[in-house]
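Note sheet for the following structure.
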Amino acid sequence: MKKLLFAPADPQAFKTLQKALPTREEWQGEIVALAEASAAVLAKTDWDAVVTDVEAESGRALLAQARHDFPEIARIGVVSQAKRTVAHLAVAQQIVPSFTDFGELDMAIERCCRLRDLLRGERICRTIGELGELPSAPGVYLELMQKLNGGDASVAEVAEIIEGDVGTSAKLLQVVNSAVFRTSREIATVKMAAGFLGLDVVKNVVLSVEAFQAFENLPAIPEFSFSSLQSHCRMTAAIVGRMGLSNEVRDGAVVAALLHDIGKLVLAYKVPDRFGRLLARAQLEGQPLYRVEEELWGITHAEVGAYLLGLWGLPTQVTEAIAYHHTPAAVPPGPMDGIGAVYVANGLAHEIEDRNEKTNWNKKYLQAWGGLDRLTEWRQMAHQNVALQHSSSSRPEIEANAR
């Protein structure tokens, strides 16, 4: 039975919840007016989730407090579809349209709790313990986080922080001008990039750039190529960016696509011999790497990557898409969400890299997610995207990369 704390701002919503909650046998719910919600209320019970009005400043503050002091509590924001913004997603792990749309609420809570259990379970904790200390969040990213969390950052200030690291700023401009974002004009400065993409997107692109920089000096591992992995992630992000997703889904999904295989870099960095054996086994058996990892290790690079990025403070929409990019059916499908987008784009990128070998799609999932009928359209788009990229670049073809 899930323990839920409801904190509506509207008195009418309060009354509606009082009538409706007794009919939900699978929930143990408590309702408090948002004005009365506090750290003491959050602390008094082992809540599974808190549900509140994310449009209200006090609601966002409550979720921010829960994120900081009680990270194990799932944070659900209530906001109408028309008023959803990326800012809401910064504090709420999932968004629902009303307090009493119990179908949506059930799905949101289930997804939050499954991801929490996956990334805090015994399996991954044991594995992370074996890996030892994980890399810290990159310096420029942390500086940007601190500045943006202050709430008064300007485009010029963000650009100044990034330009303080010549390597990061150069690679940021390379990504922004690549097929990932398909800009209509050349972005020549970091300030232009921040103005074009927005501060939150630039912050997360900086993270992807710095994350790859942190793992550049890897030991040589047969069957593994750092440059191929980086190219694969950028191709996946470029496909995501052209899938016609809503703005609030697209931005997080592009970042997740850029970082979806970072778990491979963690394993190559921390346990190169073991990772090399897993790659060799996958190659020998013609199996996807994640299946060999599950069979021989009980955990996959997807989960390792999501765990690391959770430590670095990335939002749930990003870590969720990374954790399930091979197994999207492990959580209830949200219509055209980031999990499905990264799953599809990753599969299409591998088809291109593996010379048109078709992905074994989970068609039942794709049908429920809402993308099965568009798969052919997206495949054509992906091939056109790569052809256009090759025609405007003298870079060699992307090498095949283990899935």
Side-chain angles (χ1 to χ4, degrees), residues 2-35 37 42 47-67 73-116 200 243-253 256 315-321 324 328 331-341 365 367-371:
K2 295 287 193 302
K3 297 179 181 178
L4 309 181
L5 174 64
F6 292 89
D10 178 24
Q12 185 57 48
F14 189 103
K15 293 177 182 178
T16 303
L17 281 169
Q18 281 185 316
K19 293 179 181 178
L21 273 183
T23 68
R24 308 294 298 182
E25 295 181 357
E26 68 274 31
W27 294 347
Q28 179 181 329
E30 182 174 332
I31 314 164
V32 297
L34 180 54
L42 288 170
W47 304 111
D48 289 295
V50 57
V51 187
T52 190
D53 286 288
V54 77
E55 288 182 66
E57 183 178 349
S58 53
R60 294 192 295 275
L62 179 66
L63 293 183
Q65 187 172 45
R67 180 180 60 187
I73 299 177
R75 304 183 304 277
I76 313 296
V78 177
V79 61
S80 66
Q81 181 69 40
K83 296 183 179 179
R84 295 184 187 189
T85 69
V86 174
H88 295 151
L89 298 174
V91 291
Q93 293 172 295
Q94 296 287 337
I95 296 292
V96 295
S98 78
F99 283 97
T100 54
D101 188 335
F102 292 136
E104 288 274 358
L105 192 54
D106 266 331
M107 181 184 297
I109 293 168
E110 180 69 15
R111 287 177 63 156
C112 285
C113 291
R114 285 200 189 188
L115 183 64
R116 177 195 65 191
D200 280 328
M243 287 175 67
L245 305 169
S246 63
N247 289 338
E248 67 265 22
V249 171
R250 177 190 178 277
D251 290 344
T316 298
Q317 287 73 22
V318 174
T319 57
E320 186 181 51
Y324 298 116
V331 293
M336 292 293 174
D337 63 3
I339 294 178
Y365 168 81
Q367 182 69 51
W369 178 68

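A quick note: this is a predicted structure, and the numbers were derived from the prediction, not measured. Start at 1 with the first residue, then count along the sequence.
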Q | Student check: side-chain heavy atoms of M336 and W369 closer than 4.5 Å | A | yes

Q | Heavy-atom closest pair, residues A13 and F99 | A | CB-CD1, 4.0 Å

Q. Is the side chain of T52 donor-acceptor paired with the backbone N or O of A7 at a distance under 3.5 Å, no angle test?
A. yes

Q) Applying salt bridge (charged side-chain N to carboxylate O under 4.0 Å, His left out), which residue pairs with at least one partner in residues 10-22 are found, sequence neighbours left out? A) none

(Q) Within the structure provided, determine whether V331 and L115 are in side-chain contact (heavy-atom separation under 4.5 Å). (A) no

Q. Does the R75 side chain pair with the main chain of Q94, one donor and one acceptor, at a distance under 3.5 Å?
A. no

Q. For V249 and D337, which heavy atoms make the closest approach, and how far apart are they?
A. CG1-C, 3.7 Å

Q: Would you name the heavy atoms of Q18 and I31 that are closest together and state the gap between them?
A: N-CD1, 3.5 Å

Q: Identify the heavy atoms of P328 and I339 that sit nearest to each other, and give their distance.
A: CB-CG2, 3.6 Å

**Q.** For R114, all residues meeting side-chain hydrogen bond (donor to acceptor under 3.5 Å, both in side chains), sequence neighbours excluded
**A.** E110

Q) Taking only residues two or more places apart in sequence or in another chain, which ones pass side-chain hydrogen bond (donor to acceptor under 3.5 Å, both in side chains) with D106? A) R24, W27

Q. If every non-hydrogen atom of P332 is compared with every non-hydrogen atom of M107, which pair is closest and at what distance?
A. CB-CG, 3.6 Å

Q) Out of curiosity, Q65 CD to I73 CD1, how far, rounded to the nearest 0.5 Å? A) 10.0 Å

(Q) With a 4.5 Å cut-off on side-chain heavy atoms, are C112 and I76 touching? (A) yes

Q.
I need the minimum non-hydrogen distance between D48 and K2, along with the two atoms involved.
A. OD2-CA, 3.3 Å

Q: Look up atom CD1 in I109 and atom CZ in F102, then write down how far apart they are to the nearest 0.5 Å.
A: 9.5 Å

Q) Heavy-atom distance under 4.5 Å between the side chains of V96 and D101, does that happen here? A) no

